[in-house]
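This report concerns only the one structure given below.
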Amino acid sequence: ESVRLRDNGELPNIDRWFGAMEQRVAGYACRVQADPIALAVQMADYPGLEMTALEAAERLLAEENWREVLGERVPAAWVSFTRRYMAVAKSPKVEAAAELIRRRAELTDAAAREVSPYNQGQPRTRSDVDRGSESVPDLGLRLLACALLEAPDYAAAPTFANTFIRTLLQELSVDELKEISDIAQFMRMTITAPKDLGRLPARVLRAHATWVGREALRAAKENERR
């Protein structure tokens, strides 16, 4: 609970300070500000806090309304920030996708180390063939980047948007779909703010990872019933 410094009902002055910083200081909300999920993940590096911190991160992830995040428009603070820093993408979605593309090899290797592949529904040891640019971990990153860049507006047409994601997944086996779902979950915990991205693109990336992961798991379950 110590992670939730804000909006806990006990520190109204802190709430007002955060609100003012987000509205008036574009660089704070767009690049400097952390979020509770990132703080919880980072606390897991401290001896004795691993389980408590990871449980807090999982709880905060469960509470985050990914559908609401998908429906958010580009905030005024982000528009102001991009006018000042021309190298930053024009929307948090594109900035998040750019991070995946820039770090493709690194993140693919990390996912290959941390996420187990499946064989007939059971986790198995990853072979060297399952790594690199033609592996399922790399495919998972490319699917997530594609969702960020190309998926239809979820808020405006959720059914159409879900169909788009399902189309990307339709050629995959049950084992590959389950692995994609696990990779999406891994990415939610790996990309944090402000270490990797600002809070706004990090939230958008997590929301899209949740979306892709849920659709992959749903497709896997439907295929198993056939």
Side-chain angles (χ1 to χ4, degrees), residues 1-11 14-15 17-18 29 31-70 96 99-100 103 105-127 130-131 135-138 140-141 143-144 174-218 220-221:
E1 291 300 324
S2 61
V3 173
R4 194 182 290 279
L5 179 64
R6 184 182 186 182
D7 298 330
N8 63 11
E10 298 179 1
L11 301 168
I14 292 292
D15 293 344
W17 181 86
F18 275 117
R31 191 62 190 93
V32 177
Q33 185 181 17
D35 61 25
I37 294 171
L39 293 174
V41 171
Q42 290 162 16
M43 284 171 59
D45 293 333
Y46 290 88
L49 293 177
E50 295 93 337
M51 292 305 299
T52 301
L54 290 175
E55 287 172 2
E58 292 285 357
R59 184 175 67 253
L60 292 165
L61 282 169
E63 293 173 358
E64 189 170 58
N65 189 333
W66 62 274
R67 291 184 177 87
E68 183 177 293
V69 176
L70 289 180
E99 178 72 4
L100 295 180
R103 298 175 59 195
E106 173 195 346
L107 293 171
T108 295
D109 288 345
R113 287 194 306 270
E114 300 296 331
V115 178
S116 296
Y118 289 86
N119 181 24
Q120 296 183 348
Q122 299 300 316
R124 62 173 176 83
T125 302
R126 188 178 298 281
S127 67
D130 297 325
R131 304 173 187 271
S135 64
V136 176
D138 183 69
L141 259 68
L143 286 170
L144 182 52
V174 170
D175 286 340
E176 290 170 331
L177 288 166
K178 288 182 177 180
E179 187 178 350
I180 291 291
S181 181
D182 290 348
I183 290 166
Q185 172 65 15
F186 170 75
M187 294 305 302
R188 294 172 73 203
M189 299 284 281
T190 299
I191 303 294
T192 59
K195 179 174 71 71
D196 303 298
L197 287 168
R199 183 181 65 88
L200 296 175
R203 287 179 74 241
V204 168
L205 190 149
R206 283 200 303 267
H208 281 76
T210 302
W211 182 23
V212 170
R214 287 169 64 97
E215 289 301 317
L217 193 58
R218 182 180 300 174
K221 291 178 178 178

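Between I183 and the options V212, L143, V115, a side chain to side chain contact (heavy atoms under 4.5 Å, CB included) holds for only V115.
For the pair L200 and A29, the tightest heavy-atom approach, listed with the atom from each and the gap, is CG-O, 3.8 Å.
Put simply, the side chain of E99 does not reach to within 4.5 Å of the side chain of L107, judged on heavy atoms. No side-chain heavy atom of M189 sits under 4.5 Å from any side-chain heavy atom of E114. Side-chain contact between E58 and Q185 is present, with at least one heavy-atom pair separated by less than 4.5 Å. Inter-residue side-chain proximity for D196 and R103 is flagged as met; some heavy-atom pair is nearer than 4.5 Å. Inter-residue side-chain proximity for I191 and R206 is flagged as unmet; no heavy-atom pair is nearer than 4.5 Å. Here the side chains of S181 and R218 are not in contact, with every heavy-atom distance at 4.5 Å or above. The side-chain heavy atoms of I37 and T192, taken from C-beta on, include no pair separated by under 4.5 Å.
Summarising the local packing, NZ of K195 is surrounded by more than 12 heavy atoms from other residues, nucleotides or ligands at distances under 6.0 Å.
A search for side-chain contact (heavy atoms from CB on, under 4.5 Å) contacts involving R31 returns F81, P194, not counting sequence neighbours. A search for side chain to side chain donor-acceptor pair (under 3.5 Å) contacts involving Q122 returns nothing, not counting sequence neighbours. Under the side chain to side chain donor-acceptor pair (under 3.5 Å) criterion, R67 pairs with Y154, sequence neighbours left out. The side-chain contact (heavy atoms from CB on, under 4.5 Å) search around D109 returns R113, not counting sequence neighbours. Contacts of T210 classified as side chain to side chain donor-acceptor pair (under 3.5 Å), with partners at least two apart in sequence or in another chain: R188. Applying the side chain to side chain donor-acceptor pair (under 3.5 Å) rule to T108 yields the partners D138; only residues at least two apart in sequence or on another chain are considered.
In terms of modelled atom types and a separation under 3.5 Å, the side chain of R199 and the main chain of D35 share no donor-acceptor contact.
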